[in-house]
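Here the structure comes first, spelled out in structure tokens, and everything after it is commentary.
From a predicted model like this one, the values you see are computed outputs, not experimental measurements. The sequence lines fix the lettering, A, B, ..., with proteins before strands; numbering per chain opens at 1.
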Number of protein chains: 2
Amino acid sequence: MRGLALLECVAAGTNDVKGIATRLNTPRSTVHRMLNSLAAEGYLHHVPYKGYLLGPKLIHLGMRALEQRPLVALARPHLEALAQRTGDTVHLGVTDGAEVFYLDKIPGTRGLEMRSRVGQRMPLASTGVGKALMLGIPPSRWRDLYREAGEATIAGSDRPPPVPWAKYETQMADYLRRDWVFDLEENEVGVRCVGAPVRDISNSVVAAISVASASQYMPNDRMAELGPVVRATAHAISEALGWKR
Amino acid sequence: MRGLALLECVAAGTNDVKGIATRLNTPRSTVHRMLNSLAAEGYLHHVPYKGYLLGPKLIHLGMRALEQRPLVALARPHLEALAQRTGDTVHLGVTDGAEVFYLDKIPGTRGLEMRSRVGQRMPLASTGVGKALMLGIPPSRWRDLYREAGEATIAGSDRPPPVPWAKYETQMADYLRRDWVFDLEENEVGVRCVGAPVRDISNSVVAAISVASASQYMPNDRMAELGPVVRATAHAISEALGWKR
DNA sequence: GAGGTTGTCTCATATAATGGGACAACCGTA
DNA sequence: TACGGTTGTCCCATTATATGAGACAACCTC
């Protein structure tokens, strides 16, 4: 466990021995020994007198972790079709606590790239994928999630002022009826998305997808058109999981 | 180290307790305790009475590992441009021992997908990226690499009969002059690629790229045309690394 | 229901990691 | 080029820590 904390530390960008020793309050001697072992096995990349970086074995494990989720493999073709059709960035995510966990991302062809990354976490209540996932959570818990998202700060992100709760609740109720959601620059200024939930054989929401793009490519009328399209893709994935319409 | 071996074991597809205990010849009791700890921290995904899968933290670490390689970030835009221009699958890889290690992959738009995966390893001597990397290795070592590739067996792959060494050597010498390489279905039947090496400021080969596609999209004359194109992209990436033409 | 697998717990034991320290090699900078 | 700060390398007594055996219940599949 200590070794893994060390990896997390390096992942977080602390790549000097002293810094790691401080962050974990562990003697330099111990940290050094562990770094050596991890580097020798390929879990870390070591540049002498420069620092440590995450190594190739972690790339391998990470990719395998993605492949082992049948959801990713099943959803891929549908996501690609959606990306091709819309030209925008497509996301796939699942719930992880009170957050979205991004499982897949297909970059848009419009040149500008989203900040989002596979393997990243974001507040549920303020992203397209997240709100779609919330459609599978009892509305009584929405308020908490809304509050948590408001408190969360995203490093380096340009956070817009939050939508008032009353309005948010009304919108969500509306989304629930339609079975798709909008995100109107609530997570990041200049980014809008259209999302929809993915359900499994027991009809519970297990994932969600979204199409995201810069606001200038996402006027209101286009979002309205995109709703049914995104929902149709989500349904197609759901059916691949055994869901009955 | 033992815990990491356990992760590798799960990555390799052994997801039952008994199997893991056997593979690592470790008592069931110990394996169980470790699995529990790893699952509790999110490094494994546990489905009770079903098995263990690699967890979300590994996805996160894997992605971070990729981001920490400046090479990947630098090369990305060039690779995307190449993919768009050719419509085929584009690879980026580095040398890892006697193998290629794939760092990035942009799927082609022709519908059929390559077996290759980011984080995967392949013999140097029998892939497009690998042969391009070999251009940076003293020709005296080529013979060994050629032999190793011949001995390697790839699970589930349809391996064509090897090219005789004499011919192989002649081809490589040719590639060295042109600074690009061909792979004529040597790694897998039906797949052809064109590759080129990437160099850094010290003029040593640090990576390689390739464009791969099904043979029907890769007639000889197209490959000949693609050579300079792929090489130009490789040169562009090299220049981003400080290489002087 | 039976057989095999898995999850949970306890405990004595000794393995194996710990952390302190001392020293040399190295980097950037003054 | 001399310096402070950081890093790489080694040693060793200490004890904390993981180990592995076993017993039992819960569980899945056939």
Side-chain angles (χ1 to χ4, degrees), chain A residues 1-58 61 65 68-70 200-202 204 206 241-242, chain B residues 1-58 61 65 68-70 200-202 204 206 241-242:
Chain A
M1 254 43 254
R2 203 103 83 94
L4 291 171
L6 214 151
L7 292 182
E8 299 277 356
C9 212
V10 176
T14 311
N15 52 357
D16 59 320
V17 181
K18 203 190 181 193
I20 297 168
T22 308
R23 269 180 72 131
L24 305 179
N25 30 315
T26 299
R28 202 178 65 86
S29 166
T30 304
V31 169
H32 216 299
R33 192 155 7 90
M34 293 200 292
L35 286 172
N36 258 337
S37 302
L38 290 169
E41 298 284 336
Y43 295 97
L44 289 176
H45 202 75
H46 179 29
V47 186
Y49 295 102
K50 289 291 176 187
Y52 294 81
L53 296 174
L54 299 180
K57 277 228 177 124
L58 290 174
L61 283 175
Q68 289 191 352
R69 299 235 166 189
D200 70 359
I201 195 167
S202 70
S204 50
V206 292
L241 294 172
Chain B
M1 252 46 255
R2 202 103 83 94
L4 291 171
L6 214 150
L7 293 182
E8 299 278 355
C9 209
V10 176
T14 310
N15 51 357
D16 60 320
V17 181
K18 203 189 182 194
I20 297 168
T22 308
R23 270 179 70 129
L24 304 179
N25 31 316
T26 299
R28 202 178 64 86
S29 166
T30 304
V31 169
H32 217 300
R33 193 159 2 93
M34 293 200 290
L35 286 172
N36 257 338
S37 303
L38 290 169
E41 299 283 336
Y43 294 97
L44 289 177
H45 203 75
H46 180 29
V47 185
Y49 293 101
K50 288 292 175 186
Y52 294 80
L53 297 175
L54 299 180
K57 277 228 177 123
L58 290 174
L61 284 175
Q68 289 190 352
R69 300 237 166 186
D200 71 358
I201 196 167
S202 70
S204 50
V206 291
L241 294 172

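- Residue Leu35(A) contributes atom CG, which lies 12 Å from atom P of dT9(D) at whole-angstrom precision.
- Here the side chain of Thr22(A) pairs no donor or acceptor atom with the backbone of Ile20(A) at under 3.5 angstrom.
- Side-chain to base pairing of Arg28(A) with dG20(C): no donor and acceptor N or O lie closer than 3.5 Å to each other.
- Taking atom CG of residue Leu24(B) and atom P of nucleotide dT19(D), one finds them 11 Å apart after rounding to whole Å.
- Separating the NZ atom in Lys57(B) from the CG atom in Leu58(A) is a distance of 13.5 Å, to the nearest 0.5 Å.
- Taking atom CE of Met34(B) as the reference point, atom C1' of dT6(C) lies 16 Å away to the nearest angstrom.
- For the pair Val47(A) and Thr26(B), nearest-nucleotide mapping onto DNA chain D gives the more 5' position to Val47(A).
- Between the NE2 atom of His32(B) and the P atom of dA21(D) there is a distance of 16 Å, rounded to whole Å.
- Atoms NZ (Lys18(A)) and P (dG4(D)) sit 15 Å apart, rounded to a whole Å.
- Mapped onto DNA chain C by nearest heavy atom, Pro27(A) and Gly51(B) fall at different nucleotides, with Gly51(B) at the one closer to the 5' end.
- A sub-4.0 Å separation between OP1 or OP2 of dG7(C) and a side-chain N or O of Tyr52(B) is present.
- Separating the C1' atom of dT18(C) from that of dA14(C) is a span of 16 Å, rounded to the nearest Å.
- Look at CG on Leu44(A): it is 12 Å from P on dG8(D), rounded to the nearest Å.
- Note: CG (Leu4(B)) to P (dA18(D)) measures 14 Å, nearest angstrom.
- Using a 4.0 Å heavy-atom distance criterion, Arg2(A) is classed as a sugar-phosphate-only contact.
- Across all their heavy atoms, Leu6(B) and Leu38(B) have their closest contact at CD2-CD1, 4.3 Å.
- Remark: Thr30(B) is not in phosphate contact with dT19(D), judged by side-chain N or O atoms under 4.0 Å from OP1 or OP2.
- Nucleic acid contact class of Arg33(B) (heavy atoms, under 4.0 Å, all strands): base.
- Put simply, CG on Leu7(B) and OH on Tyr43(A) are 6.5 Å apart, with the number rounded to the nearest 0.5 Å.
- Rounded to whole Å, the distance from NE2 on His46(B) to C1' on dT5(C) is 12 Å.
- Put simply, Lys50(A) has no side-chain N or O that comes within less than 4.0 Å of OP1 or OP2 on dG8(D).
- Remark: Tyr49(A) is not in phosphate contact with dA24(C), judged by side-chain N or O atoms under 4.0 Å from OP1 or OP2.
- With values rounded to the nearest 0.5 angstrom, Leu4(B) atom CG is found 6.0 Å from Leu4(A) atom CG.
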